[in-house]
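First up is the structure itself, then whatever we jot down about it.
Computed from a predicted model, the values in this text were never measured in an experiment. Chain letters run A, B, ... following the sequence lines, proteins first and then strands; every chain starts at 1.
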2 protein chains.
Amino acid sequence: MKQITKYVIKNSLKRIFLYRACLVRLKLMGVEKVFSYTLANETGVTSEQVRKDFSEFSIKGNKRGGYEINDLLGKMEDIFHRNKDHNIVLIGMGNMGLALSKYSKFVQRNMNIVATFDIDPFKQKERSGIPVYSMSRLKEIIERFKVKVAILAVPEISAQEVADELMRHGIKGIVNFAPVLLKVPPDVVINNVNLCDELESVIYYVHKQLKIDGFKNLELLYRDMKY
Amino acid sequence: MKQITKYVIKNSLKRIFLYRACLVRLKLMGVEKVFSYTLANETGVTSEQVRKDFSEFSIKGNKRGGYEINDLLGKMEDIFHRNKDHNIVLIGMGNMGLALSKYSKFVQRNMNIVATFDIDPFKQKERSGIPVYSMSRLKEIIERFKVKVAILAVPEISAQEVADELMRHGIKGIVNFAPVLLKVPPDVVINNVNLCDELESVIYYVHKQLKIDGFKNLELLYRDMKY
DNA sequence: GAATTGTTGTGAAACAAATCACAAAATACG
DNA sequence: CGTATTTTGTGATTTGTTTCACAACAATTC
Ligand SMILES: NC(=O)c1ccc[n+]([C@@H]2O[C@H](COP(=O)([O-])OP(=O)(O)OC[C@H]3O[C@@H](n4cnc5c(N)ncnc54)[C@H](O)[C@@H]3O)[C@@H](O)[C@H]2O)c1
Ligand SMILES: NC(=O)c1ccc[n+]([C@@H]2O[C@H](COP(=O)([O-])OP(=O)(O)OC[C@H]3O[C@@H](n4cnc5c(N)ncnc54)[C@H](O)[C@@H]3O)[C@@H](O)[C@H]2O)c1
C-alpha cells in the first residue's frame, strides 16, 4: 500500500553530522583528542548533549582523557556505512540536476552518482564527466550498479510517476527536490528538500525577530532558537 | 558577540508549509472547504495535529463546517508575510547559484532575487534575466532594495567572510549552502542547507531498514519515522 | 599512594511535542 | 423543535528530548 511517509531526520543524527564535520576539521589541524565541550563549543550545542548523542550511538570515550578523534571518526564511518561506496542515480538533468551532478562533495564522501537520466533527448549526452541516459536504461543501470538511493530533480508534475518507476526497479531511498509529497510504501525512505520552504522560513523568522525586537521581548525569540 | 546559532525550523511551521501546499492544490481543483482530517490524510499527519498546529497560529475553523480554504490561505499569507514582496540577494553564481537563480518558484511565492553577486569577473554579466554584479556593489543594492535575506552559495572557504560582509550591510537572514557553521550574532537567522548530509542520512536510514528487515524487527524502524 | 582535578556516562528532573479523549458548537434530519 | 451527527478546540495524558546533577573513574600532583 502506498501512503505518505514523510521522513524526519532525527536531530541526534543531524548533530552527529555536525560533530563529524568538526572532527574532520580538527584532524586536519593536527588535533588528536577532543573533549565533549570542545565539540560542543564548535557546534553550538551543550557538552551533555554531545555525550548523550554519543551514548545513543554507543560511542565511548575515556574518562578524563576525552575522545580520540581517529576512533570517533572510525565509529562514525561505521554508523554511516562509509566504509563502502554508495552508488546513486540522479533523475532530471535540468538546472538543479546539473548543479548536483557537478558537486564534488558527494564523491568525497563516497557517494557516487554513477549515472543521470533525463527524458529530454537533447540532454542525453555526457555532461561534466557523468553520462546522461534515457529513461529506458534505468532498470539496467540500477541493477548493474546495485543502486538503492536516487536523487529526484524532475518537475513537480512528473515526480510521483518517476518515483514509482524508481521503486519498481528496487530503489529504497529518494532525496526529492520536487515540492510534492510522494506516496510510497512504508519501507521506502523519502527525504524532501524544499528550498522554497527553507527560504520562506528564514523570512518568517527574520520578520518575527524584527517585530519582537520592537517589543523588546527576547524571551519569545529564544524559545524558537535551538543551539 | 559572534557565536554559532543554528536555527532549527519548528516542526509545526514545517507542517504549516505542507498544509499550505496542499490547500493550494485543493483550491486549484475547485474545492472550497476542508476538514482537519482531509489535510491530515493529504499530508500524512493526524487530524489532531492539524488542529493543534492551527491553534498555535490562532487559526479557527467552524465546528462541523471545517475550514474555508480561502480563509486558511489568507491567514497563512499573513503568517508568512506574503502580502508583501521580499527582495533577496544571491551571492555566488557557480553551479548551485545559477540553478537557484533560475528557479521560478521563488518568484511565484513573492520572493524576488533582485540581484546576484560573484567575485569572478567572467560571471559578472546578466544571466537568465537577473544581473550578476561585482561584490563592490553589494552595499548599494542591499540598501536600494531594502534586502534583509540572502542566499549564500559561495565555496566553504569564503562563506564566513561573505556572511560577515552581508551582515555589515544589514542582512538579517541567510540560507547557507556551504557546509560550514557560520558564526553570527544571535539576532541573525541562519538556515543551513547541507545536501551531502541530506543524501547521507537517506543512505543511513535505507541501510538501517535493510538490516532491520532481515531481523523482522519493525518496531525499531518506526520509532525513527514520523508521519 | 592519598588527595585533587577534570572528564565521562547516565539516572533523575524538567521541558517540549504528540496523542488521546471528550465537551462544545454547528448542522442536518425527522 | 429536539435529537443525532459531525467536526472543532483543548485540557489531560503520554511520549520524546534536553538539561541537570553527580557518581565513577583516569590522570596528575604532592
Ligand atoms: N532550480 C532550482 O534551483 C530548484 C530549487 C529547488 C527545487 N527545484 C525543484 O527541482 C526540480 C527540478 O528543477 P529544475 O529547475 O532543475 O527544473 P528543469 O525544468 O530545469 O529540469 C527538469 C529536468 O527534468 C527532466 N524531466 C522532465 N520530466 C521527466 C521525466 N518524466 N523523466 C525524466 N526526466 C524528466 C526535464 O527534461 C529537465 O531536464 C523541480 O521539481 C523543482 O521544483 C529546483
Ligand atoms: N553544486 C551543488 O550542487 C552544491 C550542492 C550543495 C552545496 N553546495 C555548496 O554551495 C556552494 C557553491 O557550490 P557550487 O557548486 O556552486 O560552487 P562553484 O565553485 O561552482 O561556485 C561558487 C561561486 O562562488 C564565487 N565566489 C567565490 N568566492 C567568492 C566570494 N568571496 N564572493 C563572491 N563570490 C565568490 C565563485 O566565483 C563561483 O562562481 C559551496 O559551498 C558548495 O559546497 C553546492
Report task. Applying side chain to side chain contact (heavy atoms under 4.5 Å, CB included), run through A/Glu32 and A/Asn70 and close with a yes or a no. Result -> CA-CA 7 Å; A/Glu32 283 172 11; A/Asn70 277 329; 5.8 Å; no
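- A sub-4.0 Å separation between OP1 or OP2 of C/dA26 and a side-chain N or O of B/Tyr67 is absent.
- Residue A/Tyr37 contributes atom OH, which lies 19 Å from atom C1' of D/dC20 at whole-angstrom precision.
- Contact annotation for B/Ser12: no contact, since no heavy-atom pair falls under 4.0 Å across all strands.
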Query raised in the report: Which is it for A/Lys14 and B/Asp197 under the salt bridge (charged side-chain N to carboxylate O under 4.0 Å, His left out) test, yes or no, and what are the steps along the way?
Result: CA-CA 8 Å; A/Lys14 282 193 201 164; B/Asp197 290 357; over 6 Å; no
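- Counting heavy atoms from C-beta on, the side chains of A/Leu23 and A/Tyr67 never come closer than 4.5 Å.
- D/dT10 atom P lies 15 Å from atom CZ of B/Phe57, rounded to whole Å.
- As rounded to whole Å, 17 Å separates atom P of C/dT5 from atom CZ of A/Phe35.
- Spacing between atom CD of A/Glu56 and atom P of C/dG9 amounts to 15 Å, rounded to whole angstrom units.
- The shortest distance between the side-chain N/O atoms of B/Thr46 and the OP1/OP2 oxygens of C/dT19 is below 4.0 Å.
- Nucleic acid contact class of B/Gly65 (heavy atoms, under 4.0 Å, all strands): none.
- For the residue pair B/Gln160/B/Asp164, the side-chain donor-acceptor check at 3.5 Å is satisfied.
- Nucleic acid contact class of A/Phe54 (heavy atoms, under 4.0 Å, all strands): none.
- Between A/Glu48 and A/Asn62, the residue anchored nearer the 5' end of DNA chain D, judged by the nucleotide with its closest heavy atom, is A/Glu48.
- Residue B/Arg51 places no side-chain N or O under 4.0 Å from the OP1 or OP2 atom of D/dG9.
- Contact between the side-chain N/O atoms of B/Ser55 and the OP1/OP2 oxygens of D/dG9 is not found at any separation under 4.0 Å.
- Contact annotation: side chain of B/Arg64 to base of C/dT27, donor-acceptor pair present below 3.5 Å.
- Taking the six-membered ring for Trp and thresholds of 30 and 60 degrees, B/Phe80 and B/Phe17 have nearly parallel ring planes, at less than 30 degrees apart.
- We find the NZ-CD distance between B/Lys27 and B/Glu68 to be 11.0 Å, quoted to the nearest 0.5 Å.
- Protein atom CG of B/Asn11 is 12 Å distant from nucleotide atom C1' of D/dG16, rounded to whole Å.
- Of the listed nucleotides (D/dT18, D/dT7, C/dG9), D/dT18 has the atom at the smallest distance from the side chain of A/Arg15.
- Within 4.0 Å (heavy atoms only), A/Gly66 reaches sugar-phosphate atoms of the nucleic acid but no base atom.
- Put simply, NZ on B/Lys63 is 12 Å from C1' on D/dT6, counting in whole angstrom units.
- One atom, NZ of A/Lys10, and another, P of D/dG16, lie 10 Å apart when rounded to the nearest Å.
- Looking at the side chain of A/Lys60, the nearest of the listed nucleotides C/dT10, C/dT7, D/dT8 is C/dT10.
- Within the structure, a side-chain polar atom (N or O) of B/Gln49 is placed less than 4.0 Å from OP1 or OP2 of C/dT19.
- As judged by a 4.0 angstrom heavy-atom cut-off over every strand, B/Lys52 is placed among the base-contacting residues.
- The distance between atom CG of A/Asp53 and atom P of C/dG9, rounded to the nearest whole Å, is 13 Å.
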